[in-house]
Student: 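Before anything else, here's the structure in question.
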Amino acid sequence: MKKQEMEQLFISKYGESAEPLRIFNAPGRVNLIGEHIDYNGGYVFPAALEFGTTLALRKRADRKVSFASMNLPYAAELDLDQLGKEKSGEWIDYPVGIILELEKLGARLSGGYDLLFQGEIPNGSGLSSSASLEVVTAYALLSMEGKETDTVEIARLSQRVENGYVGVNSGIMDQFAVANGAKDHAILLMCDTLEYKLVPFRTGAYKLIISNTKKRRGLVDSKYNERRSQCDAALEILRKREPGLEYLAHLQPEQLNEWRGDFPDEVLFNRAKHVVEENARVLKSVDALTANDLKAFGELMNASHDSLRDLYEVSCLELDVMVEEARKIEGTLGARMTGAGFGGCTVSLVHEDAVDRFLAEVGKAYLERTGIEGEFYVCGVGDGVHEMKGEN
Ligand code: ADP
Ligand code: MG
């Protein structure tokens, strides 16, 4: 969304006023590689996308906060001093939660605001429209109030809102990527410590294609919990050899292979093998991207998917079909599932000249093989949360 368009939308909704109108934007995100290793002490490697959530806002003379979105019909005008007395169960719980959290941190709003949101991220597709909504709200309100905008702190407080106020259990990767992403970079992140590094990711003539399987995800929670306890069990076994081992991902692949005989069954060993090797693949990806070797990175993406499918067993027919078809297109460097699995999206790295063919052929084959109409989003790597200034 262009800045000027957003200004017009805001004025036609709320009218003119002498108060300055400012426009902010936060992106969606995709995890490029490093799946199911955050809770095992490994790195995730997300990137911010070029599309996101725009927020236009302006101070009001009274103490009311008005919430409206171009995407959803529900709107509300609430008294700042009564905010959060009751949760609405509507989308405004996200920005209301942010205002309450800012208040807890000593950044109580000085007065009312008119807010208008416009989102380009499909909701509920795993591209983190909720994190984008939270982060843009926090960043914009802190900026308007003349307060410091520390993007690491904004990620933390946004995650607290999602977990606590909204009540959705999730790690911090989404909010962190949305808040701290940068154009032409991916983010190497250790979720526990928030130690992070921006790594150059110059996609050049290549695009990311995110393919939504549109598969309803039923089993995610129970399977996720099962994987976590399998990892704990594997860690217990390994600690007999290495008592100080804190996390699975801290082990080297060669070491794990040496101790294979300690595992009573193949399943636990395979889970551990995925974790250890996936973490190694993330670190190799950092090297590949730093050397601008997209081909090598594509191969790591492929290996990641195969490991999630065969060793960690969190893929499903739809994800596998999407990945298989994507890899058939000449110009695809790599394709893998992204997210927890059992549905959701895949991410592929595809030459721009092959994008049209990809969309036509993968879409057709996917429909034929699964009976589901997939959805495809083509994008580059964008900036983290920022104020939109000047022309764009
Ligand atoms: P995801 O984060 O994967 O897109 P979630 O279910 O976590 O999916 O978050 C989607 C919810 O976030 C929507 O149902 C809505 O409540 C809220 N949301 C996201 N973007 C917007 C927007 N532009 N306007 C209003 N609400 C939004
Ligand atoms: Mg979400």
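Numbering of residues begins at 1 and proceeds along the displayed sequence. Ligands are counted one by one from 1 in listed order, and the atoms in each one are counted from 1 as well.
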Student: Closer than 4.0 angstrom, basic N to acidic O: yes or no for Arg108 and Glu103?
Tutor: yes
Student: Between Glu313 and Arg271 (salt bridge meaning N to carboxylate O under 4.0 Å), is one present in this structure?
Tutor: yes
Student: Regarding Arg60 and Asp114, does a basic nitrogen lie under 4.0 Å from an acidic carboxylate oxygen?
Tutor: yes
Student: Which pair of non-hydrogen atoms, one from Tyr206 and one from Leu349, has the smallest distance, and what is that distance?
Tutor: CB-CD1, 3.9 Å
Student: Short check: any N/O/S atom of Ser130 below 2.8 Å from the Mg ion (ligand 2)?
Tutor: yes
Student: Do Arg239 and Glu246 sit within salt-bridge range, that is, some charged N less than 4.0 Å from a carboxylate O?
Tutor: no
Student: Please determine if Lys3 and Glu7 form a salt bridge, counting it only when a charged side-chain N lies under 4.0 Å from a carboxylate O.
Tutor: yes
Student: So what's ligand 1 close to, N/O to N/O, under 3.5 Å?
Tutor:
residue, atom, partner, partner atom, Å
ligand 1, 2 (O), Ser129, N, 3.2
ligand 1, 2 (O), Ser130, N, 3.1
ligand 1, 2 (O), Ser130, OG, 3.0
ligand 1, 3 (O), Gly126, N, 3.2
ligand 1, 4 (O), Gly124, N, 2.8
ligand 1, 4 (O), Ser129, N, 3.1
ligand 1, 4 (O), Ser129, OG, 2.7
ligand 1, 7 (O), Ser130, OG, 3.1
ligand 1, 8 (O), Gly124, N, 3.1
ligand 1, 20 (N), Asn123, ND2, 3.4
ligand 1, 23 (N), Asn71, OD1, 3.0
ligand 1, 23 (N), Gly119, N, 3.4
ligand 1, 24 (N), Ser69, OG, 2.7

